[in-house]
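In the text below, chain A, chain B and the rest are named by the order of the sequence lines, each starting its count at 1.
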Amino acid sequence: MKIITWNVNSIRTRLPRCLALLERHSPDLLCLQETKVEDDKFPRQEIEAAGYQVEVFGQKTYNGVALLSKKPLENVQRGFPGNPIPEQARAIGATLDGVEVWNLYVVNGQALDSPKFPIKMAWLQGFFDWMQGERKPNQDLVVVGDFNIAPEDRDVHDPKKWSGKILCSDQEREKLQSFLDWGLTDLFRLHEAGDGHFTWWDYRAGAFPRGWGLRIDLMLGTASMIKRCRGVQIDREERKKTTGEGTPSDHAPVILELD
DNA sequence: ATGGTTGGTCGCCAA
C-alpha cells in the first residue's frame, strides 16, 4: 500500500499538478492539507475521473484536509472530539485495508510570542488526548500530514538560525515527542539518519534553490507499521518549477510504502 | 537582523 501526504496549498490552484502526481505515483491514498476550499467547491469530478474517491473536510480560504483513495474508505471521521478549535478543518481520518490513517494539518503557530502559539500546543494536545484515550499503540495506525514541527536539528537546514524559532522550539518538539513516547515512530528515520532531507521551503527569498528547507511533513506509524514500512521518500521534483502545470506548492509530497 | 513569494480574495491575512 502506498500513501502520500502533501500540503497542496490550494487544491484548485494545484489541480493539474495533483492529477499529475496521482498519475506519476499511483498512490492508494493521497492525504492533502491546505485545500483552502469549501466542500461543495472541491474539484471532485476531475479527481474522480482520474479514478479516485474523494472525502473532504474543508472550509473557505484557510486550512482544509482531504483523502483521495482508489478504493472506498471506511469509518471516515471529520475532526476529533475535544478539538479546542473545531471551527478549523484540520483533521480527517479513515480506515483503508485495515489501516487507520489520520491526516493532520497542524496549526502553524506563527511565532512563539504569537497568540496562535498556545493554540497550536492546545490543538496538538487535544488530538493526543483523543488518540491516547480512544486508540492503542498495538493497532494498525498511521498519523501523517503537515505537523509544522521539525523533529530534530538534522531536519533543519540551519539549526543555529532556527534555534528557538517557530517549527523548531523545544516546546513543539516535546509535544511531538509525546506522540512518539505513546507509540508512534517517525517512519522516515527508519531508513535515513542523515541531514539535508526537507519537505518545506519558504516561497520567499529563493529558499528552495538555496536549500533552506525543513522536514515538517511527517509519516508517523505504530509498531506494526514499522514492520510493514518499505521506505519513505520525498518527491523533491514536485517542489521545482515546471512549465505548463503552474507553480509548485511550498511543500514537497512525502511517499510511504507499506508491505 | 531581515529578507521577500504565494494563495484567497479583492484589502489584507496567513504561511
Side-chain angles (χ1 to χ4, degrees), chain A residues 5-21 31-44 46 56-66 84-91 103-124 144-150 155-169 171-172 175-176 198-218 235-254:
Chain A
T5 180
W6 188 27
N7 182 320
V8 71
N9 189 13
S10 171
I11 185 58
R12 287 180 291 181
T13 293
R14 217 70 63 206
L15 182 61
R17 295 183 78 120
C18 183
L19 293 171
L21 184 84
C31 303
L32 296 173
Q33 305 91 38
E34 280 206 89
T35 52
K36 293 186 172 179
V37 67
E38 290 165 297
D39 292 352
D40 62 350
K41 296 193 176 81
F42 196 98
R44 174 182 291 272
E46 294 90 332
V56 291
F57 183 39
Q59 64 182 95
K60 191 177 180 182
T61 310
Y62 304 116
N63 310 316
V65 284
I85 42 168
E87 69 278 12
Q88 297 188 16
R90 294 179 175 274
N103 171 24
L104 307 184
Y105 175 49
V106 175
V107 177
N108 175 286
Q110 213 158 50
L112 265 64
D113 59 1
S114 164
K116 291 176 185 173
F117 185 72
I119 295 171
K120 177 179 196 173
M121 301 301 281
W123 191 88
L124 282 162
V144 311
D146 178 359
F147 279 74
N148 271 316
I149 303 173
D155 302 307
V156 181
H157 72 94
D158 187 344
K160 285 181 184 170
K161 176 182 166 182
W162 281 86
S163 177
K165 297 283 197 327
I166 195 73
L167 315 182
C168 300
S169 72
Q171 297 102 301
E172 292 163 280
K175 192 65 71 182
L176 177 64
F198 310 129
T199 65
W200 169 79
W201 299 258
D202 200 307
Y203 278 129
R204 297 166 290 184
F208 181 72
R210 291 167 130 153
W212 293 355
L214 278 70
R215 190 173 69 91
I216 59 176
D217 299 271
L218 308 178
D235 183 3
R236 277 187 86 260
E237 292 299 308
E238 177 53 44
R239 182 61 179 80
K240 297 180 180 175
K241 287 189 187 297
T242 56
T243 54
E245 288 182 343
T247 52
S249 169
D250 47 350
H251 294 251
V254 181

Tell me every residue that passes salt bridge (charged side-chain N to carboxylate O under 4.0 Å, His left out) with D155(A), counting only those two or more places apart in sequence or in another chain. R189(A), R215(A)

Check the distance between dT5(B)'s P and R210(A)'s CZ and give it to me in whole angstrom. 11 Å

Distance-only donor-acceptor hits, side chain of residues 109-116 of chain A, under 3.5 Å, sequence neighbours excluded:
| residue | atom | partner | partner atom | Å |
| --- | --- | --- | --- | --- |
| Q110(A) | OE1 | S114(A) | OG | 3.4 |
| S114(A) | OG | K116(A) | N | 3.0 |

How close or far is atom C1' of dT2(B) from atom CH2 of W212(A), stated in whole angstroms? 10 Å

Taking the C1' atom in each of dG3(B) and dA15(B), what is the distance between them to the nearest angstrom? 15 Å

In whole Å, measure the gap between the P atoms of dT6(B) and dT2(B) for me. 23 Å

First of K161(A) and R14(A) reached from the 5' end of DNA chain B, by closest nucleotide: K161(A)

Take atom NZ of K165(A) and atom C1' of dT2(B), then tell me their distance rounded to the nearest Å. 10 Å

At under 4.0 Å between heavy atoms, what does T247(A) touch on the DNA or RNA strands: base, sugar-phosphate, or nothing? sugar-phosphate

Apply salt bridge (charged side-chain N to carboxylate O under 4.0 Å, His left out) to K41(A) and list each qualifying residue two or more places apart in sequence or on a separate chain. E38(A)

Could you give the distance separating dT5(B) and dA1(B) at their P atoms, to the nearest angstrom? 23 Å

So which protein nitrogen or oxygen atoms get under 3.5 Å of nucleotides 13-15 of chain B's nitrogens or oxygens?
| residue | atom | partner | partner atom | Å |
| --- | --- | --- | --- | --- |
| dA14(B) | OP1 | K116(A) | NZ | 3.3 |
| dA14(B) | OP2 | K116(A) | NZ | 3.3 |
| dA14(B) | O5' | K116(A) | NZ | 3.1 |

Sequence neighbours left out, what passes salt bridge (charged side-chain N to carboxylate O under 4.0 Å, His left out) with R204(A)? Give chain and number order. D202(A)

Among residues at least two apart in sequence or on other chains, which ones pass side chain to side chain donor-acceptor pair (under 3.5 Å) with K160(A)? none

Sole residue of Q33(A), E34(A), K36(A) in side-chain hydrogen bond (donor to acceptor under 3.5 Å, both in side chains) with N9(A): K36(A)

Which part of the nucleic acid does K160(A) contact within heavy-atom distance under 4.0 Å: base, sugar-phosphate only, or nothing? nothing

